Amino acid sequence: MEPMKRDLIIKGKQIYLRPITADDTEMTVRWRNKPAVVQNFIYRRPVTQKDHEEWLANKVFKGFVHQFIICRNEDGAPLGSVYLQNFEEEHKRAESGIYLGEEQTYKKGIGTEAVCLIVDYAFGTLGLHKLSARVLAYNTASRRLHEKAGYAQEAYLKEELFLNGKYEDLILFGVINPRG
Ligand SMILES: CC(C)(COP(=O)(O)OP(=O)(O)OC[C@H]1O[C@@H](n2cnc3c(N)ncnc32)[C@H](O)[C@@H]1OP(=O)(O)O)[C@@H](O)C(=O)NCCC(=O)NCCS
């Protein structure tokens, strides 16, 4: 995939999405390492500044990941990140992911709106056919969010992952481009 257009702004009702930049590194690493985020992610090791810089250089700036910062419309305050990764151009598919970095913003519909915006971008701008998302079964908020954003549960994988000394169930969600 071509890298994101650097001046792209995706506008929503409460929020807008802008492409992540190197200046977002400290904030993004802080968000990604918050316990509320880590416990809902499959990759559990702390993310260092160096890891993130390599991610930006090797994935985002080369177009293998399209990653956005979610910003509040009223004042531009950054709230979290939403992204597309694991592009399979042959099959016109990718995987979406999201985390909000500021817990006080939870349950206000921001997560759902951000995922709806990236789905529109994936289908409308990139012309993808399908997005998937992997959600730990205990993550009620993320399950609900994906259902509200139009994803359907496609698989329930029992005891798929060994996390923190325990086997955890994983749900695969998918959404298909209604325009083909
Ligand atoms: C998952 C996450 C993005 C949800 O963001 P959000 O802005 O709070 O989500 P929304 O406000 O759009 O809520 C979506 C639905 O989940 C529900 N919800 C939110 N938090 C919830 C919670 N802790 N428990 C149960 N339901 C919850 C909301 O009520 C809403 O459902 P409703 O409209 O039926 O009431 C956010 O909690 C987060 O960043 N979590 C940490 C990282 C993470 O889990 N990422 C996803 C990995 S797959």
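Just so it is clear, the model here is predicted, and its values are computed rather than measured. When a ligand or atom number is given, it counts from 1 through the structure's own listing order.
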When the side chains of residues 168-180 are checked against the rest of the protein, which donor-acceptor pairs come out under 3.5 Å, sequence neighbours left out?
from : atom 1 : to   : atom 2 : distance (Å)
E168 : OE2    : K166 : NZ     : 3.4
D169 : OD1    : E159 : N      : 2.7
D169 : OD2    : Y156 : OH     : 2.7
N177 : OD1    : R179 : N      : 2.9
N177 : ND2    : L128 : O      : 2.9
N177 : ND2    : G180 : O      : 3.4

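Within 4.0 Å of ligand 1, contacts by protein heavy atoms are made from A36, N40, F41, I98, Y99, L100, Y106, K107, K108, G109, I110, G111, T112, R134, V135, N139, T140, A141, S142, R144, L145, K148.
In this structure, the side chain to side chain contact (heavy atoms under 4.5 Å, CB included) partners of A141, at least two apart in sequence or on a different chain, are N139. Remark: V60 pairs with M4, I20, W55, L56, V65, Q67 by the side chain to side chain contact (heavy atoms under 4.5 Å, CB included) rule, at least two apart or across chains.
Salt-bridge annotation for R32 and D51: absent, with no side-chain N of the basic residue lying under 4.0 Å from a carboxylate O of the acidic one. A salt bridge does not link R72 to E102: none of the charged nitrogens lies less than 4.0 Å from a carboxylate oxygen.
Just one of I70, V37, N40 meets the side-chain contact (heavy atoms from CB on, under 4.5 Å) condition when paired with I98; it is I70.
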